[in-house]
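One structure is given below, encoded as structure tokens.
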Protein chains: 2
Amino acid sequence: METPDDFDLRDFLPYALNQAAEAASLAFQKQYRVRYGMLRTEWRVLFHLGRYGPMTATQICARASLHKTKISRAVHALEQKRYLTRMAQETDRRVEELCLTRQGGIVYRELYEAARSYDASLSAQFTPQEREILGRCLHKIARL
Amino acid sequence: METPDDFDLRDFLPYALNQAAEAASLAFQKQYRVRYGMLRTEWRVLFHLGRYGPMTATQICARASLHKTKISRAVHALEQKRYLTRMAQETDRRVEELCLTRQGGIVYRELYEAARSYDASLSAQFTPQEREILGRCLHKIARL
DNA sequence: GGATATTAGTTGGTTTTGTAACTAACAACA
DNA sequence: TGTTGTTAGTTACAAAACCAACTAATATCC
């Protein structure tokens, strides 16, 4: 039996997801990359702290499903840029609570707005129903 | 005016796309990574040659929207593994037509089947309508 | 209390990617 | 022809990601 030739690479879900993710990330990257010299992981950490409040590296790990070495380096970089500070915990001296500085907060809010409007412009490509289904499908795949 | 707090990171399309793409890729990666020691780019090049027939590196570039250095390295690696051969063109000696070997073809067909069945298992998570919309949205975003 | 295991976070070394400069072959046109 | 420009593909170097080993603090349990 021969291989049927009806399966195009573009229809392969992991491939299609990657192409779309790359295109979307690349476009948004410009916002934080050239304006603030941030890397994607740094932006994510910044976002987490800005959006959900101070937390520890491990908590970001869990929320963002990023590896702890990535977090560690991103935190270091953000610290250098004076976007966050570490606060030693007295209850457990291994842990440091991470907290945006005033400046970090300002950058966060700017990027937050940029993210919102970028998301809106992407979402505008679709009907509300499509957008809703897209979001739901992506969540589901991410959780698999 | 305060920043409205209704925009979750998980709803940010580039983020959701990345999370989903990573989850989907990671799972399928095992197929080619551990079984054949291939990288993602290598698998893509292999797929292109197997699915669409012999072609040059530049043609793969265009089809796969991969950078030529990635292709170059992937081709080299696949050559080392004896999965493809290069055929110098007489009309233009800069160009080499890339062609799967018999072994390369066998690996391709195995991975092709693995991809099909993986895709099917992912797609089974959704209704046909959802799957259709998902695919269409992803294509659209990738082309932006 | 003290040995052992766990957890938080960092560091070092290797892989992989990204970017830009490069070589070689061809094309265009004076 | 010969100068200039373009295209195919490679290579070299820098940036980033990945993985495994590490330190330091805490928890467990005898």
Side-chain angles (χ1 to χ4, degrees), chain A residues 18-19 21-23 25-27 29-30 32-34 36-46 48-49 54-81 84-99, chain B residues 18-19 21-23 25-27 29-30 32-34 36-46 48-49 54-81 84-99:
Chain A
N18 263 290
Q19 296 288 104
E22 220 164 287
S25 289
L26 223 65
Q29 232 187 19
K30 294 192 180 79
Y32 52 83
R33 188 133 192 166
V34 314
Y36 303 104
M38 272 195 267
L39 256 32
R40 189 164 52 172
T41 312
E42 294 168 38
W43 146 242
R44 284 198 189 172
V45 168
L46 187 87
H48 273 270
L49 293 175
M55 60 177 91
T56 71
T58 302
Q59 288 172 311
I60 300 176
C61 270
R63 267 192 178 274
S65 44
L66 284 170
H67 196 265
K68 59 182 181 171
T69 61
K70 275 189 174 183
I71 305 278
S72 175
R73 282 172 174 130
V75 166
H76 182 74
L78 290 171
E79 202 181 10
Q80 296 293 79
K81 298 186 179 79
L84 67 74
T85 53
R86 306 172 192 241
M87 291 236 297
Q89 298 293 83
E90 271 140 45
T91 53
D92 185 341
R93 274 183 300 155
R94 288 171 303 182
V95 175
E96 289 167 319
E97 190 165 60
L98 306 169
C99 196
Chain B
N18 261 292
Q19 296 289 102
E22 218 164 288
S25 288
L26 221 65
Q29 234 188 17
K30 295 193 179 79
Y32 52 83
R33 188 131 193 169
V34 314
Y36 303 105
M38 273 195 267
L39 256 33
R40 190 164 51 174
T41 312
E42 294 169 38
W43 144 243
R44 284 197 189 173
V45 168
L46 187 87
H48 274 269
L49 293 174
M55 60 178 89
T56 70
T58 302
Q59 288 172 311
I60 299 177
C61 271
R63 267 188 177 276
S65 44
L66 284 170
H67 196 264
K68 59 183 181 171
T69 60
K70 273 191 172 183
I71 305 278
S72 176
R73 290 194 260 245
V75 166
H76 182 74
L78 291 171
E79 202 181 11
Q80 296 293 80
K81 298 187 179 78
L84 68 74
T85 53
R86 305 172 192 242
M87 291 237 297
Q89 297 293 83
E90 271 139 44
T91 53
D92 184 342
R93 275 182 299 154
R94 287 172 303 182
V95 176
E96 288 167 320
E97 190 167 60
L98 306 169
C99 195

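Small disclaimer: the values here were computed from a predicted structure and weren't measured. Letters A, B, ... mirror the listed sequences (proteins, then strands); counts begin at 1.
Checking the phosphate oxygens (OP1, OP2) of D:dT10, a side-chain nitrogen or oxygen of B:Ser72 falls inside 4.0 Å. Residue A:Arg93 has a polar side-chain atom (N or O) positioned under 4.0 Å from OP1 or OP2 of D:dT26.
The nucleotide whose nearest atom lies closest to any side-chain atom of B:Val95 is, among D:dT11, D:dA8, D:dC19, D:dA8. Closest to the side chain of A:Thr58, out of C:dG9, D:dT10, C:dT19, is C:dG9. Of the candidate nucleotides D:dG9, D:dC19, D:dA17, D:dA17 has the atom lying nearest to any side-chain atom of A:Lys70. Distances from the side chain of A:Lys68 to the nucleotides C:dG9, D:dA15, C:dG13 place C:dG9 closest. Of the listed nucleotides (C:dG9, D:dG9, D:dA20), D:dA20 has the atom at the smallest distance from the side chain of A:Thr69.
Using a 4.0 Å heavy-atom distance criterion, A:Arg40 is classed as making no nucleic acid contact. Contacts of A:Leu39 with the nucleic acid, taken as non-hydrogen atoms under 4.0 Å apart, involve only primed sugar atoms and P, OP1 or OP2.
In this structure, B:Gln89 places its CD atom 15 Å from C1' of D:dT7, rounding to the nearest Å. Across the protein-nucleic acid pair, A:Asp92 atom CG and D:dT28 atom P stand 12 Å apart, rounded to whole Å. Separating the CD atom of B:Glu96 from the C1' atom of D:dT10 is a distance of 11 Å, rounded to the nearest angstrom. Taking atom CD of residue A:Glu42 and atom P of nucleotide D:dA17, one finds them 9 Å apart after rounding to whole Å. Regarding A:Arg86, its CZ atom lies at a distance of 9 Å from the C1' atom of C:dG9, rounded to whole Å. Rounded to a whole Å, the CZ atom of B:Arg73 is 11 Å from the P atom of C:dT19. Following rounding to the nearest Å, B:Asn18 (CG) and D:dA17 (P) show an atom-to-atom distance of 12 Å. Between the P atom of D:dA16 and the CG atom of A:Leu66 lies a distance of 16 Å, rounded to the nearest Å.
In this model, a side-chain donor or acceptor of A:Arg94 finds a partner on the base of C:dT7 within 3.5 Å. With hydrogens and angles ignored, no donor-acceptor pair closer than 3.5 Å exists between the side chain of A:Arg33 and the base of C:dG18.
Taking 4.5 Å as the limit, some side-chain heavy atom of B:Arg44 sits within range of a side-chain heavy atom of B:Leu66.
Expressed to the nearest 0.5 Å, how far NE2 of B:His76 lies from CG of B:Leu84 amounts to 11.0 Å. Here the CD-CE distance, from B:Glu96 to B:Met87, works out to 11.0 Å after rounding to the nearest 0.5 Å.
Just one of B:Leu98, B:Leu49, B:Val45, B:Thr85 meets the side chain to side chain contact (heavy atoms under 4.5 Å, CB included) condition when paired with B:Leu78; it is B:Val45.
Atom CD of A:Gln80 has more than 12 heavy atoms from other residues, nucleotides or ligands within 6.0 Å.
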